[in-house]
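Convention: sequence-line order gives letters A, B, ...; per-chain numbering from 1. The figures here come from the full heavy-atom set of this structure, side chains too, leaving out hydrogens, waters and symmetry mates.
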Amino acid sequence: MLQLQYLRDNKEAVLLGLQKKNFKELNLVEEILSLDEQKRKYQTEAERNKSELNALSKEIGNLMKQGMLDEAETIKIKSTGIRESQKGLEDHLDGLEKALFDSLVKLPNMPHASVPFGKTPEENENIFQEGVMPVLHEGAVPHWELTSKYDIVDFEMGNKVTGAGFPFYKGKGARLQRGLINFFLDEALKSNYIEVQPPIVINKESGFGTGQLPDKEGQMYYIGIDDLYLIPTAEVPITNMYRDVILKEEQLPVKNVAYTPCFRREAGSYGAHVRGLNRLHQFDKVELVQIARPEESYQILDTMVAHVKGLLQKLELPYRILRLCGGDMSFNSALTFDFEVFSAAQQKWLEVSSVSNFESFQTNRLKCRYKNSDGKNVLAHSLNGSALALPRIVAALLENYQTPDGVKIPKVLQPYCGFDLIN
RNA sequence: GGUGAGGUGACUGAGAGGCCGAAAGUACCGGUUUGCUAAACCGGCAUACUCCAAAAGGGUAUCGAGGGUUCGAAUCCCUCCCUCACCGCCA
């Protein structure tokens with residue numbers, strides 16, 4: 001959520017930013033400013049009224065104490081009259097505040113100056129590419145054939161027990177998952193992240209805090225009986241730890257890492273591009289979250305990008321980094337780098353990580369602040385990044401490392417898996 | 001799930017319809033003084049919104065959340081949430 005004060009002071013800049021993000025409802029800005037103006041007008045009036053009521057009440061108290069009951073009665077009648085009009089004022093004010101809030105929440109974050117213009121994924125800026133493109137042997141196949149050939153991921157079993165998009169990992173497939181998770185967590189620990197195991201269901205407040213609610217309600221699994229949601233990413237519970245918190249400056253940056261399963265309904269995604277492990281309803285992910293001082297947040301974003309780079313280098317997978325264009329960025333983000341791994345048998349780039357700086361967009365909702373050296377409470381910046389999401393990494397590993405004799409396991413993972421070949 | 005007790009500022013903890021944004025203590029910050037691994041004393045110490053061109057200074061709201069009663073609610077009533085204790089059930 002953008003800060004109202006910022007919007008008041010930077011209307012033109014906001015309009016430009018919204019256009020860069022390919023946001024259509026530009027008239028919302030004018031609407032918000034007008035609602036804000038009205039709201040303040042009514043607020044002033046309602047508060048003046050209330051102040052008068054408070055004064056009268058106090059007077060009644062004093063008169064009663066002195067036993068001047070008749071005088072007190074007179075004032076009572078007067079204050080009852082004011083109270084009637086007060087009710088109307090307050091109701092109107094509540095309506096304005098709600099409308100203002102509902103509109104403000106619809107505005108996406110402002111893009112960082114370095115974000116390129118563009119509307120579609122094709123306009124993302126390819127800023128870095130590294131790694132050797134594998135040359136596959138004759139008869140190489142996509143990962144969904146390898147998984148059944150070696151019986152390591154069982155999609156049919158998932159269909160039977162749960163439904164599409166909820167596969168079983170079996171044997172070396174399960175052990176590879178576990179190995180990858182441990183590898184990712186250990187790498188994060190080396191970079192001084194503190195590990196957290198959060199709940200994987202969250203309440204409404206948390207869903208709102210990180211921006212999944214209200215706009216992405218339909219993308220989360222919902223447990224009606226207890227009014228809870230399954231997390232789409234560990235970002236939600238982790239970042240919400242800092243909701244309504246005033247941190248000490250020396251606590252920053254906060255660095256957390258968490259492994260969790262993630263649940264996404266993916267309503268509306270069908271077809272060939274969701275085949276195999278490419279898109280699932282439940283998947284595993286190791287997520288990095290940082291809460292930082294605003295002046296350091298972009299430097300920290302760079303370190304997070306470097307961290308993810310390191311992971312892909314160690315896994316020896318060819319990858320590229322995209323700077324997302326305004327139109328392809330998420331609602332919350334000010335700057336996002338996507339990591340894509342090349343999956344050789346599909347001849348496709350698969351997104352495996354998204355690293356973003358949200359600046360104060362989330363923290364403004366969360367009311368996550370820190371006390372700076374002047375003793376002022378200021379909104380912190382929040383950042384997060386996947387490091388990494390498993391299924392597409394597995395897909396790329398299987399496809400790129402396949403040989404006629406089986407799928408080789410990259411060196412770094414061998415100690416984690418306890419084997420060096422899937423056959 | 002049942003029964004009981006309770007949720008007050010960074011923390012401990014008083015208050016039980018008006019004198020309460022809230023005693024006192026601890027912690028923290030600033031100062032004075034004496035000196036020495038600190039003590040005493042003095043002062044300061046919530047957040048948000050808002051009024052004012054700004055500062056100074058006002059106003060409003062907030063004692064778990066939401067509603068109600070009342071001229072007036074931390075205090076009374078209702079609903080919900082949470083914590084603790086005991087019982088029941090259970091990985």
Just N and O in the side chain of [X]: are any of them under 4.0 Å from OP1 or OP2 of [N]?
X	N	result
A/Thr80	B/rC71	no
A/Asn54	B/rA61	yes
A/Arg369	B/rA48	yes
A/Lys367	B/rU47	no
A/Arg8	B/rU50	yes

Honestly, is A/Lys172 close enough over A/Tyr150, meaning NZ or CZ under 6.0 Å from the six-membered ring centre and within 45° of the axis?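 Cation-pi check for A/Lys172 and A/Tyr150: fails.
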Go through the side-chain N and O atoms of [X] and [Y] and say whether any donor and acceptor fall under 3.5 Å apart.
X	Y	answer
A/Glu235	A/Thr210	no
A/Asn22	A/Lys24	yes
A/Gln290	A/Glu296	no

Taking for each residue the nucleotide of RNA chain B with the nearest heavy atom, is it A/Ile75 or A/Glu97 whose nucleotide lies nearer the 5' end?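 The 5'-side residue here is A/Glu97.
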Pick the closest RNA chain B nucleotide for A/Lys39 and for A/Glu59 by heavy atoms, then say which residue is nearer the 5' end.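 Upstream on the strand: A/Glu59.
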When all nucleic acid strands are considered with a 4.0 Å heavy-atom cut-off, which category describes [X]: base, sugar-phosphate, or nothing?
X	answer
A/Asn377	sugar-phosphate
A/Lys41	nothing
A/Lys371	sugar-phosphate
A/Ile60	base
A/Arg48	nothing
A/Ser57	base

A/Val394 side chain near A/Leu180 side chain, heavy-atom distance below 4.5 Å: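 Counting from C-beta outward, A/Val394 and A/Leu180 do come under 4.5 Å.
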Residue pair A/Ser343 / A/Arg392, side-chain heavy-atom distance below 4.5 Å: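 SC-SC contact between A/Ser343 and A/Arg392 ruled out.
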Atom [atom1], compared across [N] and [M]: separation rounded to whole Å:
N	M	atom1	answer
B/rG9	B/rC20	C1'	13 Å
B/rC11	B/rG2	P	31 Å
B/rG64	B/rU75	P	8 Å
B/rA73	B/rA61	C1'	14 Å
B/rA65	B/rU8	C1'	15 Å
B/rC28	B/rC71	P	48 Å
B/rU83	B/rA46	C1'	23 Å
B/rA85	B/rG72	P	41 Å

Do you know which two heavy atoms are closest between A/Glu90 and A/Lys50, and how far apart they sit?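 Result for this residue pair: OE2-CD, 4.1 Å.
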Compare the minimum distances between each of [options] and the side chain of [X], then state the nucleotide with the smallest one.
X	options	answer
A/Ser79	B/rC51, B/rG59, B/rC71	B/rC71
A/Lys76	B/rU60, B/rC71, B/rC51	B/rC71
A/Glu47	B/rU50, B/rG72, B/rU47	B/rU50
A/Lys87	B/rG72, B/rG68, B/rU50	B/rG68
A/Met64	B/rU50, B/rC71, B/rU47	B/rC71

So what's [N] paired with, Watson-Crick or G-U wobble, going by both distances under 3.5 Å?
N	value
B/rC45	none
B/rU12	B/rA24
B/rG18	B/rC71
B/rG4	B/rC84
B/rC63	none
B/rA53	none
B/rA40	B/rU32
B/rC90	none

